[in-house]
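Notes for the one structure printed next.
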Amino acid sequence: MGKKTALDSFERIAKESGEAERAIIIGLSAGSMKPRDRSTEESLDELEALLKTAGGVCLGRALQNRPKPDTRTFIGIGKVKEIKEMAQCNDCTVVVFDNELSPSQTKALTEELDLRILDRSSLILDIFAGRARTREGRLQVELAQYNYILPRLSGMWKHLVSQTGTSAPIGTRGPGETQLETDRRHIRRKIDKLKSELDEVMRVRDTQRRQRQKNAVPVIALVGYTNAGKSTLINKLTGADIPAENRLFDTLDTTTRRLDINRLLTGGEYEGTAPLPSVLISDTVGFIRKLPHHLVEAFKATLEELKHADLLIHVIDASNPEWEEQARIVDDMVRSLGAADISRIEAFNKCDMPTADVLRHGENIVEISAKTGKGIRELLIMIANQNWARG
């Protein structure tokens, strides 16, 4: 479209300027909000990690408490003035909110602060845009971005003026189409085109899935919170070389590899007597709290693969003090995708870390370190002893 928006890439800006973009992060905890929507120090820590992943650096943060969000500025005009002073002192160029802002709030804050305003959703979309590598991944991210931008058009482009009102420039009054209407129509056409292309992707996926079922090839899907160690685990199990950096959303595009259990396990350690089958194991995009609904909707082609899997391995970061909340978020997402009834193994990863929680035992629960290999053999035995894997 040739226009810069609030979704301009942090990584691109940082590369052009030669340094990380300077930002302030803000969160609101209001009594009128649902508990899951309220900001906390922990959610601000996560937002700061997201900012770092996107190529920015946090030079200030604030957690605001109010009975309810301010309808115009979200955090109230007093806090806005405080943030403006903080931004000026630190030479910041952007303010990132932990909560989702309405289009009118984004517009008001942009006017008051004279800085670019991002909310958590737009920051995550920015990261996804920089991480997607496959055509399918790029299509899904682009669709999510356009759905996010559409209701925010009037606040994003200051050049848009009505050509039919009494305040229009001389010579432009009349029934002509406004630039805003033109842009909206253009984006709706793009959305329709992207949906059509993704429908074709889903048809191809469905054909591939039916072929796997015909050939009786079992499928394992790794699920988990972002940065829980799913890519490291699939590398350890299959010898793949999927990039596995210690950063959020390092993997966006689903990667599938063959796992030869016969090669990794020899007889006597599992209950079946038939030869163990080779299975397919897929690494999936990680989940996160307050994941933008536009993104979930756009990534349906990828995420719906979960409900067709024969086994889920829920990878949990045992070293993270928030692991219980992270596991709940993943469980809720799996349930919403219709995959709650699929057999599951809970793999508590990073058990070699000093911050790892207490030992856990039980059926289909295993402690592992995908980095060192600890517990991997026990995990393979659990996989082999699943009913679906007995040939």
Query raised in the report: Are any of the side-chain heavy atoms of Ile345 and Val366 separated by less than 4.5 Å?
Result: yes
**Report entry** Ile383 side, atom CD1; Asp310 side, atom CG - distance, nearest 0.5 Å
**Finding:** 12.5 Å
Requested in this report: Determine whether Leu63 and Glu41 make a side-chain contact, defined as any pair of heavy atoms from C-beta on separated by less than 4.5 Å.
Outcome: yes
Requested in this report: Look at the side-chain heavy atoms of Ile, Leu, Val, Met, Phe, Trp and Tyr, link any pair under 4.5 Å apart, and say whether Val57 and Val95 land in one connected group.
Outcome: no
Report task. List the steps, then state whether side-chain contact (heavy atoms from CB on, under 4.5 Å) holds for Arg184 with Arg189. Result -> CA-CA 9 Å; Arg184 281 176 176 158; Arg189 282 200 304 267; over 6 Å; no
**Report entry** With sequence neighbours excluded, residues passing salt bridge (charged side-chain N to carboxylate O under 4.0 Å, His left out) with Glu42
**Finding:** none
Show me the side-chain donor-acceptor pairs of residues 71-79 shorter than 3.5 Å, one per line, residues at least two apart or across chains.
unit_1, atom_1, unit_2, atom_2, d
Arg72, NH1, Glu112, OE2, 3.0
Arg72, NH2, Glu112, OE2, 3.3
Thr73, OG1, Asp70, OD2, 3.0
Thr73, OG1, Gly76, N, 3.1
Lys79, NZ, Glu82, OE1, 3.4
Lys79, NZ, Glu82, OE2, 3.2

Query raised in the report: So if you build clusters from Ile, Leu, Val, Met, Phe, Trp, Tyr with side-chain heavy-atom gaps below 4.5 Å, do Ile376 and Ile281 land together?
Result: yes
Requested in this report: Search all heavy atoms of Ile26 against all heavy atoms of Asn99 and return the closest pair with its distance.
Outcome: O-OD1, 4.4 Å
Query raised in the report: Are Glu142 and Lys193 close enough for a salt bridge, meaning some N to O gap below 4.0 Å?
Result: no
Query raised in the report: Taking C-beta and beyond as the side chain, do Ile220 and Ile313 meet within less than 4.5 Å on heavy atoms?
Result: yes
Query raised in the report: Do Trp323 and Tyr225 have ring centres separated by under 6.0 Å?
Result: no
Report task. Check whether any side-chain heavy atom of Thr106 sits under 4.5 Å from a side-chain heavy atom of Thr110, and report yes or no. Result -> yes
Query raised in the report: Without hydrogens or angle criteria, can the side chains of Ser122 and Asp119 be said to hold a donor-acceptor pair below 3.5 Å?
Result: yes
Query raised in the report: Is there a donor-acceptor contact under 3.5 Å from the side chain of Asn349 to the main chain of Ala370?
Result: yes
Report task. Quick one: closest heavy-atom pair of Lys290 and Ile124, and the distance? Result -> O-CD1, 4.3 Å
Query raised in the report: Taking atom types as modelled and ignoring hydrogens, do the side chains of Thr256 and Ser282 form a donor-acceptor contact shorter than 3.5 angstrom?
Result: yes
Query - Sidechain-backbone polar pair: Ser29 side chain, Arg38 backbone, donor-acceptor under 3.5 Å - result: no
Report summary line: Nearest heavy-atom contact between Asn90 and Leu59 is O-CD1, 3.7 Å
**Report entry** Flag side-chain contact, heavy atom, 4.5 Å: Val94 against Leu115
**Finding:** no
Query raised in the report: Have Asp352 and Thr372 got a donor and an acceptor in their side chains that come within less than 3.5 Å?
Result: no
**Report entry** Side-chain ion pair, Glu197 and Arg135, N-O less than 4.0 Å
**Finding:** yes
Requested in this report: Can you establish whether the number of heavy atoms outside Asp341 located under 6.0 Å from its atom CG is more than 12?
Outcome: no
Query - Any side-chain heavy-atom pair of Leu101 and Ile117 under 4.5 Å - result: yes
Query - Side-chain heavy atoms of Phe287 within contact of Thr226, under 4.5 Å - result: no
Query raised in the report: Between His314 and Val330, is any pair of side-chain heavy atoms under 4.5 Å apart?
Result: yes
Query raised in the report: Can you check salt bridge (Lys or Arg N to Asp or Glu O under 4.0 Å) on Arg61 and Asp45, steps first, answer last?
Result: CA-CA 10 Å; Arg61 59 191 277 174; Asp45 288 342; 2.9 Å; yes
**Report entry** Check: Ser43 side chain, Ser39 main-chain N or O, donor-acceptor pair, under 3.5 Å
**Finding:** no
Requested in this report: Give the minimum heavy-atom separation between Ile368 and Ala347, together with the two atoms involved.
Outcome: CD1-CB, 4.0 Å
Report summary line: Minimal heavy-atom distance between Ala54 and Leu123, with the atoms involved, is CB-CD1, 3.8 Å
**Report entry** In one Ile/Leu/Val/Met/Phe/Trp/Tyr side-chain cluster, 4.5 Å: Ile329, Ile342
**Finding:** yes
**Report entry** Minimum-distance pair of heavy atoms, taken over all atoms of Lys307 and Gly338
**Finding:** CB-O, 3.6 Å
Query raised in the report: Looking just at side-chain N and O atoms, do Ser102 and Gln105 make a donor-acceptor pair shorter than 3.5 Å?
Result: yes
Query - Approximate separation, where rounding is to 0.5 Å, of Lys230 NZ and Asp317 CG - result: 10.0 Å
